[in-house]
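Have a look at the structure below before the remarks.
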Amino acid sequence: MMDRDRNKTLLLELQRAAGTGNGRCADCGEPDPEWASYKLGIFICLNCSGIHRNLSQISRVKSLRLDFWENDLMEFMKKHGNLCAKAKYEAKVPPYYYIPQSCDCLVLREQWIRAKYEREDFVATRICQDPCSAGSREGFLWKRGRESRQFQRRWFLLSAREGVMKYYTKEEIVDWFNAIRAARYHYLRTTFPTLPEPELIPRITRNYVKEGYMEKTGPKQKEAFKVRWFCLDSQERNLMYFKNPLDAFAQGQVFIGRRDEGYEVRAGLPQGVRVKKRKPAITVVTPMREFVFICENDREQREWIDALNGVIAQPLTG
């Protein structure tokens with residue numbers, strides 16, 4: 001019992017130790033991980049531990065607080081840790097490769113973990129070429145038709161040299177995702193040869209700070225409200241709206257400038273505007289006009305206001 005309590009205390013101290021990287025999940029960055037892989041010597045979160053359970057040949061997991069940790073396992077954890085594993089398993093991650101965060105979907109996190117530990121795609125001794133690195137790929141994807149909502153299987157060809165993604169009418173989603181990022185990376189690297197990598201990488205694909213459904217009215221604020229899918233792009237400072245989430249092109253967009261330029265977001269409706277629905281509203285004020293949106297609930301309203309204020313507060317970039 002004394003060993004159990006002592007090792008539990010030591011393990012929690014090791015998780016909080018400075019300079020180890022153990023304070024965040026080794027795979028998705030979630031703070032204060034409560035689990036660990038005693039075969040890899042890393043600290044991981046609950047969600048990632050579930051993925052590691054399916055890799056029993058290379059990883060075995062235990063709870064930091066609920067399971068008993070033997071002395072030899074404690075010694076192994078002390079000699080390893082998250083930064084040590086990162087140096088080994090992430091030594092050669094391509095600059096375009098998307099490293100998932102805790103908020104990303106399961107398939108991205110699972111394929112990242114399998115690429116690191118199961119296939120060892122990024123270890124320093126790896127000599128086989130990443131299939132995405134050439135900026136080209138071909139294979140089957142399912143594409144939604146222009147006129148109908150049905151998805152049909154199509155053969156696609158991605159070419160970084162031509163700058164196009166073709167498909168023919170005659171599989172893996174994460175591989176395609178990173179292949180597209182690789183093609184975009186090679187295009188940007190050619191177009192902006194002197195641009196530093198930290199400024200280049202965010203241009204590969206967009207990570208919208210907020211997405212979801214809201215209802216919008218027209219410029220006179222008397223038109224009927226229509227449900228639309230909204231995406232807030234903080235890099236381009238645009239609030240875009242689509243009829244459907246999978247539409248290729250936005251129906252319209254609202255530029256979000258700085259507060260000192262006359263941009264503001266307010267909770268509620270503009271003075272004189274009345275709606276039948278008793279739902280929380282947002283008013284986006286611009287120098288030209290006021291845009292009115294209705295949210296599904298109070299939580300969505302708060303999240304949209306916080307996200308929009310975050311864009312308004314950030315400085316304009318060239």
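Since the structure is predicted, the reported quantities are computational estimates derived from the model, not experimental observations.
To the nearest 0.5 angstrom, Leu55 atom CG is 4.5 Å from Arg114 atom CZ. Taken from CG in Leu108 to CD1 in Ile99, the straight-line distance is 12.0 Å, to the nearest 0.5 Å. Put simply, NZ on Lys78 and CG on Leu11 are 10.0 Å apart, with the number rounded to the nearest 0.5 Å. With rounding to the nearest 0.5 angstrom, the CD1 atom of Ile282 is 13.5 Å from the CD atom of Glu290. Rounding to the nearest 0.5 Å gives a distance of 8.5 Å between CZ of Phe43 and CG of Leu12. To the nearest 0.5 Å, the span separating NZ on Lys62 from CE on Met77 amounts to 11.0 Å.
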Can you list the steps and then say if Asp27 with Tyr117 is a side-chain hydrogen bond (donor to acceptor under 3.5 Å, both in side chains)? CA-CA 10 Å; Asp27 296 324; Tyr117 308 119; 2.7 Å; yes
Hey, mind stepping through His80 and Ile42 against side-chain contact (heavy atoms from CB on, under 4.5 Å) and telling me if it holds? CA-CA 7 Å; His80 293 78; Ile42 57 175; over 6 Å; no
Let's go through Ile113 and His52 carefully: what are the C-alpha distance in whole Å and the side-chain angles of both, what is the deciding distance for side-chain contact (heavy atoms from CB on, under 4.5 Å) to 0.1 Å, and is it a yes or a no? CA-CA 8 Å; Ile113 289 170; His52 279 258; 3.9 Å; yes
side-chain contact (heavy atoms from CB on, under 4.5 Å) for Lys279 and Glu215? Distances and angles first, verdict last. CA-CA 10 Å; Lys279 289 185 177 181; Glu215 297 179 48; 4.2 Å; yes
Before giving the answer on salt bridge (Lys or Arg N to Asp or Glu O under 4.0 Å), spell out for Arg266 and Glu264 the whole-Å C-alpha distance, their side-chain angles and the decisive distance to 0.1 Å. CA-CA 7 Å; Arg266 301 170 183 164; Glu264 184 183 356; 3.4 Å; yes
Hey, mind stepping through Ile294 and Met214 against side-chain contact (heavy atoms from CB on, under 4.5 Å) and telling me if it holds? CA-CA 6 Å; Ile294 292 179; Met214 289 194 293; over 6 Å; no
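For the salt bridge (charged side-chain N to carboxylate O under 4.0 Å, His left out) test, residues two or more places apart in sequence or in another chain that qualify with Lys86 are Glu90. Under the salt bridge (charged side-chain N to carboxylate O under 4.0 Å, His left out) criterion, Glu223 pairs with no residue, sequence neighbours left out. Scanning for side chain to side chain contact (heavy atoms under 4.5 Å, CB included) contacts around Lys226 gives Arg228, with sequence neighbours left out. Tyr38 meets the ring-ring contact (aromatic ring centres under 6.0 Å, His included) test with no other residue; sequence neighbours excluded. Listed by chain and number, the residues in a side chain to side chain contact (heavy atoms under 4.5 Å, CB included) with Thr286 are Val254, Tyr263, Val284, Met288, Arg289, Phe291 (sequence neighbours excluded). Scored by the salt bridge (charged side-chain N to carboxylate O under 4.0 Å, His left out) test, Glu303 finds Lys210, Arg299 as partners (sequence neighbours excluded).
Without hydrogens or angle criteria, Arg60 side chain to Ser56 main chain gives a donor-acceptor distance under 3.5 Å. With hydrogens and angles disregarded, no donor-acceptor distance shorter than 3.5 Å links the side chain of Glu34 to the backbone of Leu64. Under the 3.5 Å distance criterion, the side-chain polar atoms of Asn22 are matched with a main-chain donor or acceptor of Leu14. Side chain of Ser63 to backbone of Trp35: no donor-acceptor contact under 3.5 angstrom is found. Distance alone, capped at 3.5 Å, places no donor-acceptor pair between the Arg24 side chain and the Asn82 backbone. In this structure a side-chain-to-backbone donor-acceptor pair under 3.5 Å is present from Asn297 to Glu300. Within the 3.5 Å criterion, the main-chain N or O of Leu188 finds no donor-acceptor partner in the side chain of Thr191. Using a distance-only test at 3.5 Å, with no hydrogens or angles considered, a donor-acceptor pair links the side chain of Arg189 to the main chain of Leu195. Judged by distance alone, with hydrogens and angles left aside, the side-chain atoms of Asp247 form no donor-acceptor pair with the main-chain N or O of Phe249 at under 3.5 Å.
Between Ser37 and Ser59, the shortest heavy-atom distance links the atoms OG-OG, 2.8 Å. Between Arg109 and Ser102, the closest heavy-atom pair is NE-O, 4.1 Å. Closest approach of Gln301 and Cys295 over heavy atoms only: CA-SG, 3.7 Å. Between Glu236 and Phe255, the shortest heavy-atom distance links the atoms O-CE1, 4.0 Å. The two residues Gly212 and Trp304 make their nearest non-hydrogen contact at N-CZ2, 3.8 Å. Scanning both residues, Ile44 and Cys25, for their nearest heavy atoms gives CA-SG, 3.7 Å.
The existence of a salt bridge linking Glu75 and Lys79 is excluded, since no basic side-chain nitrogen approaches an acidic carboxylate oxygen closer than 4.0 Å.
At least one side-chain heavy atom of Gln15 sits less than 4.5 Å from a side-chain heavy atom of Pro33. The shortest distance between side-chain heavy atoms of Leu10 and Trp69 does not fall below 4.5 Å.
Aromatic ring centroids of Trp229 and Phe242 lie 6.0 Å or more apart. A centroid separation of less than 6.0 Å is found between the aromatic rings of Tyr97 and Phe122. Annotation: Phe230 is in aromatic contact with Phe293 [ring centroid separation under 6.0 Å].
Between the side chains of Asp104 and Tyr98, at least one donor N or O lies within less than 3.5 Å of an accepting N or O.
No more than 12 heavy atoms of other residues, nucleotides or ligands lie within 6.0 Å of CD in Gln57, so this atom counts as exposed by the packing criterion.
Geometrically, Lys216 engages Tyr241 in a cation-pi contact defined by less than 6.0 Å to the ring centre and at most 45° from the axis.
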